[in-house]
Amino acid sequence: MKEQLLNKIQERKIEAAVVGLGYVGLPLAVEIAEAGYHTTGFDLLEDKVRKVNDGENYIADVDHATLRKLTGEGLLEATSDFSRISGMDFIAICVPTPLDTHQQPDLSYIEHSSIQIARYLKKDTMVVLESTTFPGTTSDIVRPILEKGSGLTCGKDFYLAFSPERVDPGNPHYKTGNTPKVVGAIGEDASEVIRTMYCTFLDGGVHSVSSPEIAEMEKILENTYRNINIGLINEMAMLCDRMKINIWEVIDAARTKPYGFQAFYPGPGLGGHCIPLDPYYLSWKVREYAFHTSMIETSMMINDRMPEYCVQRAANILNEYSKSLKGSLVLVLGIAYKADIDDCRESPAIRVIRVLRKKGARVLFYDPYIKEYSDRDGTVYSGEPELTENLLKSADLVMITTAHSCVDYSFVQQHSRAIFDTRNATKDVSCRDNIELL
């Protein structure tokens, strides 16, 4: 199996599959296809399948022209028919791993995908899980499903590994193709073959580790590191507000130190597909070992309460203008979880709006990248089509929750009664009489 797969990789005769065509899966499928492998994307959503086959891009980090070229040349296609897994030599699983309503890991997407793959898995195939999850998922959940459903044996009939996705939507420097890859496989042969496969279509290099569990924990560490440091700076921001100290100036001063300090910035909470979720995966898993991740859990609590804290700050600002939060019109600028992207997964801005409405405020929002969003109860909210002078003047408070670079914050300052800037987006605005920072 090993030599056969290495030869197929060298000759670009691998049939590649990517299961899940979202923010992780589609960019990965494009990279594989660009390397000359015929690549098939699998997704249960027919709309995504149709768009890929029509060369219609829906992920900002994917180049539109490249996608059209690859689909036009037949190197990339999509389907919802999982029976076609039977013809694949390399399968990457890139499905969501959300939390359920009790903040516990929801592995249903991984389990369902593994069951479908197992039904059609053939011998001499590489299977790689890329979805972020807790240590043990690949070996203890995916492997048994694949072996039981296919009748094949891992290491003998197919290779299995975990390789965490490292997608940072909107990052201008690091994309799927040039970000270093970590691979933890079951067995040395699997490690060699899967590493070789990744090296043929990724330019960032591949770092092999000794097991899937190492790779799974590595991914959790990456995002927990950020979660803890953001929790620290959010707590410092609350303290600095109490002491009437500008936290943003403090950070700017601290980052002049050329060693030992990395700048993190406060905000209305955490968002995105990994950082707010991964610590919950870890804290849930470690209960098996009678271990409490006290530092991690504390940072999670700090970050989780930031939307409520920001709403309280907003109420205090309105009070200075002799207005109550209840009944006031608050214009929220930014729904995306970070600047200059169209992704609002787990966005703290949505939680801010939810709390504002619960407190009786009337809320409008504007985001140049997101025209509408669906809240957790299924309600769809539409944003304002333009950021106009009249819209700004109509608001009792403008609350900046995402620092999109295309927004003219001098214009916002000029026409707003009061501004609560949770992102320091107005740092270059000269007149600051009506601006309060987080």
Side-chain angles (χ1 to χ4, degrees), residues 16-33 39-52 58-59 61-62 76-85 88 90-101 104-121 125-146 149-150 158 160-169 176 181-184 194 198 212 215-216 219-220 223 272-278 280-281 284-285 343-346:
V18 175
V19 178
L21 294 173
Y23 287 90
V24 175
L26 185 59
L28 180 67
V30 167
E31 292 292 339
I32 299 172
T39 306
T40 304
F42 290 80
D43 205 289
L44 295 177
L45 297 178
E46 293 292 348
D47 186 53
K48 287 184 178 179
V49 170
R50 177 193 60 78
K51 285 180 177 178
V52 171
Y58 51 87
I59 300 293
D61 283 348
V62 172
L76 177 61
E77 60 176 313
T79 183
S80 58
D81 179 8
F82 273 78
S83 68
R84 293 184 56 188
I85 287 288
M88 302 298 147
F90 174 85
I91 304 168
I93 303 173
C94 305
V95 295
T97 48
L99 298 173
D100 64 18
T101 55
Q104 294 183 347
D106 177 5
L107 297 186
S108 59
Y109 294 93
I110 289 178
E111 291 170 346
H112 178 77
S113 298
S114 299
I115 290 169
Q116 293 298 311
I117 292 168
R119 291 177 62 190
Y120 304 105
L121 185 65
T125 301
M126 299 170 276
V127 182
V128 184
L129 177 62
E130 291 214 359
S131 306
T132 303
T133 184
F134 55 80
T137 302
T138 305
S139 298
D140 300 337
I141 296 176
V142 176
R143 177 178 179 172
I145 292 174
L146 294 180
S150 67
F158 69 92
L160 179 61
F162 180 79
S163 180
E165 56 87 3
R166 282 173 161 174
V167 173
D168 185 15
T176 299
K181 205 83 168 81
V182 172
V183 173
I194 293 171
Y198 273 114
E216 289 161 338
K219 175 61 173 177
I220 295 289
N223 290 326
H273 61 296
C274 282
I275 296 175
L277 308 183
D278 292 1
Y280 283 98
Y281 271 71
W284 178 84
K285 180 65 177 177
D343 189 349
C344 62
R345 288 175 294 171
E346 306 296 329

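A donor atom on one side chain and an acceptor atom on the other are not found under 3.5 Å apart for Thr137 and Glu216. Counted by atom type alone, Glu46 and Ser80 present one or more donor-acceptor pairs between their side chains at under 3.5 Å.
Within the cation-pi definition used here (under 6.0 Å to the ring centroid, within 45° of the axis), Arg345 qualifies as a partner of Tyr23.
The nearest pair of heavy atoms linking Gly25 to Val18 is O-CG1, 3.5 Å.
Side-chain contact between Ile194 and Ser163: absent, with no pair of heavy atoms (C-beta onward) separated by less than 4.5 Å. No side-chain heavy atom of Val167 sits less than 4.5 Å from a side-chain heavy atom of Pro27. His112 places a side-chain heavy atom less than 4.5 Å from the side chain of Leu44. Counting heavy atoms from C-beta outward, Glu165 and Thr132 have side chains that approach closer than 4.5 Å. In this structure the side chain of Phe82 reaches within 4.5 angstrom of the side chain of Val19, judged on heavy atoms. For the pair Ile93 and Val128, the minimum side-chain heavy-atom distance is 4.5 Å or more. Using a 4.5 Å cut-off on side-chain heavy atoms (C-beta onward), Phe90 and Tyr198 make contact. Put simply, the side chain of Leu21 does not reach to within 4.5 Å of the side chain of Phe42, judged on heavy atoms.
Put simply, the side chain of Thr97 never gets that close to the backbone of Thr133: no donor and acceptor are under 3.5 Å apart.
Comment: Arg166 does not engage Glu130 in a salt bridge, judged by the lack of any side-chain N to carboxylate O separation of less than 4.0 angstrom. A salt bridge is absent between Asp81 and Arg84; no separation between the charged side-chain nitrogens and carboxylate oxygens falls under 4.0 Å.
The CD1 atom of Ile145 sits 12.5 Å away from atom CG of Leu121, with the distance rounded to the nearest 0.5 Å. The CG atom of Leu129 lies 4.5 Å from the CD1 atom of Ile110; values are rounded to the nearest 0.5 Å.
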